[in-house]
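First the structure, in the form of structure tokens, and then the observations on it.
On a predicted model such as this, the values are computed, not experimentally measured, just so you know.
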Protein chains: 2
Amino acid sequence: MDEIKSADDAGKLAELYKAFADETRVRIMISLGEGAKCVGDIASATGVSQSAVSHQLKTLKYANLVSCQRDGRVITYELADDHVRTIINMGLDHIHE
Amino acid sequence: MDEIKSADDAGKLAELYKAFADETRVRIMISLGEGAKCVGDIASATGVSQSAVSHQLKTLKYANLVSCQRDGRVITYELADDHVRTIINMGLDHIHE
DNA sequence: TATAAACATGAACGATTGCTCATATGTTCA
DNA sequence: TGAACATATGAGCAATCGTTCATGTTTATA
């Protein structure tokens with residue numbers, strides 16, 4: 001336990017963490033931590049423009065960190081799985097020592 | 001558990017994950033996961049130039065992810081704490097589904 | 001003290017990133 | 001069908017990043 005397992009995968013790992021390496025994306029993920037939301041609600045909750053949110057959601061979706069579902073003209077996004085929450089909480093633990 | 005705790009801290013969190021968002025730095029941290037090493041050994045273990053390793057170690061040290069200790073003209077680096085291992089393993093879990 | 005070894009550092013440059021602005025796509029409803 | 005709403009997308013640009021190359025700093029040893 002708490003022992004590094006793979007000596008490879010460094011590239012994929014870096015790719016994964018790149019998705020967490022931006023304040024806007026973190027805000028979006030934290031916001032989605034409260035529950036599924038549509039793009040407009042994410043934008044107002046985070047104070048980021050609709051366009052910027054949409055661009056970042058694309059990045060998060062590509063990284064398999066969020067999933068979405070269309071319902072009429074509204075598209076609802078949610079965190080892909082509990083790994084996302086866990087990774088964020090792990091980071092918060094580290095920050096708060 | 002597995003519930004996002006803080007609604008703020010987004011900036012600091014992004015800063016933390018930026019340190020993991022580069023393949024070279026991940027390679028260095030995985031290498032240090034095997035145990036403490038000097039700069040030259042890290043360079044040969046990762047196949048990265050001494051200069052690049054040194055630059056990245058500075059970044060990792062600034063992020064409090066590694067610590068170092070001078071012994072003569074050799075400087076030995078090691079992972080700062082088990083959070084680093086945990087964060088990397090968490091990422092590997094996510095990658096390997 | 002002069003030299004070499006181990007590491008750090010600064011400048012410079014190409015590559016990537018995240019935003020804005022304008023516009024396109026898709027959907028509902030009158 | 002046409003207007004309005006929700007979201008996505010592409011171009012363009014400033015900012016950040018990671019490397020290399022050259023050189024500086026610190027320590028040991030002849």
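Screening B/Leu16, B/Ile87, B/Asp22 for a side-chain contact (heavy atoms from CB on, under 4.5 Å) involving A/Tyr17 leaves a single residue, B/Ile87. Each of A/Leu60, A/Val66, A/Ile28 was checked for a side-chain contact (heavy atoms from CB on, under 4.5 Å) with A/Tyr77, and the lone residue meeting it is A/Val66.
Side-chain atoms of A/Asp9 and B/His96 form a donor-acceptor pair, as typed in the model, at a separation below 3.5 Å. Residues A/Lys37 and A/Thr76 have side chains that never bring a donor and an acceptor to within less than 3.5 angstrom of each other.
Side chain of A/Tyr62 to main chain of A/Leu57: no donor-acceptor pair is present (N/O by atom type, distance under 3.5 Å, no hydrogens or angles). Remark: the backbone N or O of B/Asp82 is paired with a side-chain donor or acceptor of B/Thr86 at under 3.5 angstrom. Between the side chain of B/Arg85 and the main chain of B/Gly33, a donor-acceptor pair closer than 3.5 Å is present.
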Mark up nucleotides 25-30 of chain C, 5' to 3', with B wherever a protein heavy atom is under 4.0 angstrom from a base atom, S wherever such an atom reaches only the sugar-phosphate, and - elsewhere.
-SBB--

What is the per-nucleotide protein-contact pattern of nucleotides 8-17 of chain C, from the 5' end, where B denotes a base atom under 4.0 Å from a protein heavy atom, S denotes such proximity for sugar-phosphate atoms only, and - denotes neither?
BBB-------

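For B/Ser54, the side chain to side chain contact (heavy atoms under 4.5 Å, CB included) partners two or more places apart in sequence, or in a different chain, are B/Gln50.
Rounded to a whole Å, the CD atom of B/Gln56 is 9 Å from the C1' atom of D/dC17. Nucleotide D/dG18 holds its P atom 11 Å from the CD1 atom of B/Ile28, rounded to whole Å.
Taking 4.0 angstrom as the limit, A/Thr24 places a side-chain polar atom (N or O) nearer than this to OP1 or OP2 of C/dC19.
Residue B/Ser49 is in sugar-phosphate contact alone, with no base atom involved, counting any heavy-atom pair closer than 4.0 Å across all strands shown.
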